Amino acid sequence: LFYHTIDSFHAVPARFAVVREDTQEAISIVSNRYTLVPHQRILEIVEQAIKPLDLGPVPRGIYVDRRGARMRALFKFPAMAQPVLDGDDICPCLKIQNTYDGTSRIAIHIGAFRFVCTNLAVGGGGVFAGGFMSSHSGEIPLEKFTKQASKYLGGFDQIVETYRMWAGEWLEAGALDNILEGISSWHRDQIRQVLAARKPTAYEVYN
């Protein structure tokens with residue numbers, strides 16, 4: 001990286017610019033310890049991990065902003081969706097993020113979301129039970145992620161059974177206060193407001 005004065009250029013030690021190939025626009029400045037992992041490489045890793053699994057159609061949404069510096073993606077597995085309660089289906093999914101500007105690490109989260117529309121296209125609140133986060137300092141641990149994805153998706157039937165069991169259990173008196181101790185005051189107030197009018201089940205509190 002160089003900076004320009006009136007009559008000369010000067011090198012900036014231990015810093016590099018991440019530049020778009022198509023426009024030659026610099027989208028971030030990074031240290032010499034940074035390893036750029038292209039968005040496409042992250043998506044290829046996910047494709048490699050799920051390819052051996054029998055998952056049916058896999059619709060996905062991929063979103064890029066900040067001039068290409070940030071990528072977010074959601075892979076859905078609707079063929080595996082199952083009801084926890086009548087009208088309350090839960091669908092396994094993968095949530096992925098990557099950035100070139102240092103605002104977040106590489107992350108792939110394994111979990112599920114709840115459908116909130118009748119055509120099963122839109123997801124509401126969800127739960128995440130695995131995955132990993134990785135700094136931009138080397139290769140992504142593909143083998144670790146593949147094992148986690150296989151274990152979660154292969155055991156999704158048992159996970160749904162657990163949710164169904166929780167849906168039939170009322171939360172014990174005083175338990176909600178203990179559960180909410182470890183979260184932020186804003187989220188704590190929102191959850192209490194939603195659940196104040198009724199005695200919640202363990203599944204409602206979990207969501």
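Bear in mind the structure is a predicted one, so any value in this text is a computation, not a measurement. Scope of the values below: all heavy atoms of this structure, side chains included, with no hydrogens, waters or symmetry mates.
Closest of all the heavy-atom pairs between Pro57 and Pro78 is O-CD, 3.7 Å. Taking every heavy atom of both residues into account, Val46 and Leu94 meet most closely at CG1-CD1, 3.7 Å. Closest approach of Trp166 and Thr201 over heavy atoms only: O-CB, 3.8 Å. Taking every heavy atom of both residues into account, His109 and Ala107 meet most closely at NE2-CB, 3.8 Å. For Ala112 against Ile90, the heavy-atom pair with the smallest separation is CB-CG1, 3.6 Å. Taking every heavy atom of both residues into account, Val58 and Arg60 meet most closely at O-NH2, 2.8 Å.
Shown here are the side-chain hydrogen bond (donor to acceptor under 3.5 Å, both in side chains) partners of Asp22, two or more places apart in sequence or in another chain: Arg20. Take Arg164 and apply the side chain to side chain contact (heavy atoms under 4.5 Å, CB included) test, not counting sequence neighbours, and it matches Gln82, Pro83, Val84, Val160, Glu161. Checked against side chain to side chain contact (heavy atoms under 4.5 Å, CB included), Ile183 has the following partners two or more places apart in sequence or in another chain: Leu180, His187, Arg188, Ile191. Take Asp54 and apply the side-chain hydrogen bond (donor to acceptor under 3.5 Å, both in side chains) test, not counting sequence neighbours, and it matches no residue. In this view, Val19 and Ala17, Gln24, Ala26 satisfy the side chain to side chain contact (heavy atoms under 4.5 Å, CB included) rule, not counting sequence neighbours. Looking at residues two or more places apart in sequence or on another chain, you find no side chain to side chain contact (heavy atoms under 4.5 Å, CB included) involving Gln158. In this structure Asp177 satisfies the salt bridge (charged side-chain N to carboxylate O under 4.0 Å, His left out) test together with Arg192, sequence neighbours excluded. The side-chain hydrogen bond (donor to acceptor under 3.5 Å, both in side chains) test applied to Asp189 returns no partner, not counting sequence neighbours.
The salt bridge (charged side-chain N to carboxylate O under 4.0 Å, His left out) contacts involving residues 61-70 comprise Glu25-Arg67, Asp65-Arg70, Asp65-Arg72, Arg66-Asp101, where partners must be two or more places apart or lie in separate chains. Residue pairs that meet the ring-ring contact (aromatic ring centres under 6.0 Å, His included) test with at least one member in residues 35-78, sequence neighbours left out, are His39-Tyr100.
With rounding to the nearest 0.5 Å, the separation of CG in Leu74 from CD1 in Ile96 is 7.5 Å. To the nearest 0.5 angstrom, Asp89 atom CG is 13.5 Å from Met80 atom CE. Taken from OH in Tyr203 to CH2 in Trp170, the straight-line distance is 15.0 Å, to the nearest 0.5 Å. Expressed to the nearest 0.5 Å, how far CD1 of Ile62 lies from CE of Met71 amounts to 7.0 Å.
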>> What verdict does the side-chain contact (heavy atoms from CB on, under 4.5 Å) test give for Ile159 and Tyr152, after you've listed the backbone C-alpha separation in whole Å, the side-chain angles of each residue and the deciding distance to 0.1 Å?
In response: CA-CA 8 Å; Ile159 292 170; Tyr152 182 83; 3.3 Å; yes
>> Could you walk me through whether Met165 and Glu169 satisfy the side-chain contact (heavy atoms from CB on, under 4.5 Å) test, starting with their C-alpha distance in whole Å, then the side-chain angles of each, then the deciding distance to 0.1 Å, before giving a yes or no?
In response: CA-CA 7 Å; Met165 180 184 67; Glu169 293 184 355; 3.7 Å; yes
> Does the pair Lys76 and Phe113 meet the rule for a side-chain contact (heavy atoms from CB on, under 4.5 Å), with working shown?
Replying inline: CA-CA 9 Å; Lys76 306 175 186 179; Phe113 67 93; 3.7 Å; yes
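Here the side chains of Ile42 and Gln97 are not in contact, with every heavy-atom distance at 4.5 Å or above.
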